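Shown next, in structure tokens, is the structure this report addresses.
Just so you know, these numbers come straight off a predicted model, no measurement behind them. All ligand and atom numbering here is 1-based and tracks the order in the structure.
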Amino acid sequence: MNNELRLILAIQKNGRLADDSRVLLERCGIDLLKSKDQLVCKAQNFPLDVYFVRVNDIPTFVAAKVCHIGILGQNVLLDKQINSSNSQLDSIEAIMKLGFGRCRLSIAVPNSHDYQGLSDLQGKRIASSYRGILSQYLGKRGVSAEIVSMQGAVEIAPRMGMAEAICDLVSTGSTLAVNGLKEVEIVLESQSILIRNDTLNSVQEELLDRLMLRLNGLQAAKTRKYIMLHCPINKLEAIKAILPGSESPTILALQGLENLVAVHAVCDEGVFWNTMEDLKANGASSITVLPIEKMLD
Ligand code: PRP
């Protein structure tokens, strides 16, 4: 098949973003038939090739035009851009936040350390896999510390006497806790993003637009709810005013019930129990709130 007519995406093969990246493609209606060790896969029902690679290589592949787009954490892209002399990396554009893989890049010290502030780290050793981001962060704050580069299992460094502090990703915080460490500074808030380079032809641009439309549809659906209720006609305006973020609900007649109407609406904001209680107090009944799977505006 002609590669000019296909879009090439790089995602993480194994690791914290791998499963969610695949699930996201599935939710976009893209079928990937892939065996466990397969590194390249052609989507069955969308002109998309997916490369399964190490997350640290994704910026390089996208910058080198081997792939057009990629899914990775903001932390990985930023660290690569700061560390590398490859100016092509600067041409990578982050085009969408994807909302999963949320974490913090944080500095942590042993629980026994009576931490007073960044000046405590002056002249100390900090173990990290994120040399670029950390050195920029410390430099901007006038802290001079030695960065001990590690590829993983950074939390072990203080216990081994290799460093007085660490700088690593924190999600639930349980890895820090089991290693007797406490989070003292947040260096960066991060989540997954979609990135692209500037080499797409018009067909590939169109495919990326289609993919982003689906991604936007999923994100819109995530925050919205479909609400259905019955309401007395004379209470309609009060009920409409309570419905969160819905300006034009659908009003339907109810057979055999002349004083009541059914109100259906997509609500932009969360529908909480107190919203439902408000609706009920204003005369609504049979209030049903449903999740929305996908939306195209
Ligand atoms: C990351 C990070 C921490 C852990 C934090 O490791 O390096 O070790 O997750 O998560 P928590 O706050 O939920 O405990 P990851 O599993 O991504 O593997 P890595 O060691 O290869 O970085």
Side-chain angles (χ1 to χ4, degrees), residues 9-25 34 36-37 39 50-62 67 70-84 89 92 94 96-113 115 118 121 124-138 145-195:
L9 164 71
I11 66 174
Q12 189 180 29
K13 181 177 189 292
N14 296 308
R16 60 169 48 232
L17 302 182
D19 289 345
D20 285 341
S21 302
R22 287 199 61 165
V23 168
L24 188 68
L25 294 177
K34 172 183 172 289
K36 194 170 163 287
D37 297 319
L39 298 179
V50 181
Y51 287 18
F52 297 87
V53 297
R54 289 180 67 107
V55 73
N56 283 330
D57 290 330
I58 293 176
T60 316
F61 288 168
V62 174
C67 301
I71 292 176
L72 77 172
Q74 290 169 305
N75 53 307
V76 175
L77 177 62
L78 183 61
D79 199 64
K80 209 57 168 191
Q81 284 175 326
I82 296 172
N83 263 331
S84 173
L89 285 166
I92 291 178
M96 192 179 221
K97 291 183 178 171
L98 299 173
F100 62 87
R102 286 180 195 276
C103 59
R104 311 178 288 282
L105 181 65
S106 293
I107 296 175
V109 297
N111 287 332
S112 56
H113 183 144
Y115 185 81
L118 270 176
L121 301 174
K124 297 288 192 312
R125 296 166 301 169
I126 308 175
S128 186
S129 314
Y130 294 91
R131 170 175 287 276
I133 298 175
L134 179 59
S135 60
Q136 190 179 72
Y137 176 86
L138 294 173
E146 181 190 341
I147 299 174
V148 179
S149 286
M150 289 178 68
Q151 294 305 309
V154 168
E155 291 86 355
I156 206 170
R159 209 184 312 158
M160 291 170 70
M162 290 174 62
E164 286 71 41
I166 68 156
C167 176
D168 198 14
L169 297 182
V170 181
S171 177
T172 61
S174 67
T175 309
L176 288 186
V178 297
N179 286 288
L181 299 168
K182 61 183 177 188
E183 189 175 5
V184 291
E185 304 284 350
I186 295 177
V187 174
L188 177 82
E189 302 266 5
S190 180
Q191 63 167 286
S192 54
I193 47 172
L194 180 67
I195 58 169

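Atoms of ligand 1 found under 4.0 Å from any heavy atom of Thr175, numbered from 1 in the order shown, are 4 (C), 5 (C), 8 (O), 10 (O), 11 (P), 14 (O). Close contacts of ligand 1 with Glu155, meaning ligand atoms under 4.0 Å from a residue heavy atom, involve 3 (C), 8 (O). With ligand atoms numbered from 1 in the order given, ligand 1 contributes 12 (O) to contacts under 4.0 Å with heavy atoms of Val170. Short contacts between ligand 1 and Thr172, defined as distances under 4.0 Å to a heavy atom of the residue, involve ligand atoms 11 (P), 12 (O), 13 (O), 14 (O).
In this structure the side chain of Ile193 never reaches within 4.5 angstrom of the side chain of Leu98, judged on heavy atoms. Residues Asn179 and Ile156 fail the side-chain proximity criterion, which asks for heavy atoms closer than 4.5 Å. No side-chain heavy atom of Asp19 sits under 4.5 Å from any side-chain heavy atom of Phe100. Side-chain contact between Lys13 and Val53: absent, with no pair of heavy atoms (C-beta onward) separated by less than 4.5 Å.
Interatomic distance, Ile133 CD1 to Leu188 CG, rounded to the nearest 0.5 Å: 5.0 Å.
Of the protein's heavy atoms, Arg16 NH2, 3.1 Å lies nearest to atom 1 (C) of ligand 1. Summary of contacts: the protein heavy atom closest to atom 5 (C) of ligand 1 is Leu169 O, 3.3 Å. Atom 20 (O) of ligand 1 has as its closest protein heavy atom Ala153 N, 4.0 Å.
At a 4.0 Å cut-off, at least one heavy atom of Ser174 sits close enough to ligand 1 to count as contact.
Ser129 pairs by the side chain to side chain contact (heavy atoms under 4.5 Å, CB included) definition with Val154, not counting sequence neighbours.
Of the protein's heavy atoms, none falls inside 4.0 Å of atom 18 (O) of ligand 1. At a distance under 4.0 Å, a protein heavy atom can be found next to atom 7 (O) of ligand 1. Distance check for atom 22 (O) of ligand 1: every protein heavy atom is found at 4.0 Å or beyond. Using a 4.0 Å threshold on non-hydrogen atoms, atom 10 (O) of ligand 1 counts as touching the protein.
Ligand 1 has no nitrogen or oxygen under 3.5 angstrom from a nitrogen or oxygen of Gln151. At least one N or O atom of Gly173 sits closer than 3.5 Å to an N or O atom of ligand 1.
Under the 3.5 Å distance criterion, with hydrogens and angles disregarded, no donor-acceptor pair is assigned to the side chains of Asn83 and Arg131.
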>> Apply side chain to side chain donor-acceptor pair (under 3.5 Å) to residues Glu183 and Ser106 and explain how you reach the verdict.
In response: CA-CA 6 Å; Glu183 189 175 5; Ser106 293; 2.6 Å; yes
Please list, one pair per line, the donor and acceptor atoms closer than 3.5 Å that link side chains of residues 167-174 to other protein atoms, with sequence neighbours excluded.
| from | atom 1 | to | atom 2 | distance (Å) |
| --- | --- | --- | --- | --- |
| Thr172 | OG1 | Ser174 | N | 3.2 |
| Thr172 | OG1 | Ser174 | OG | 3.2 |

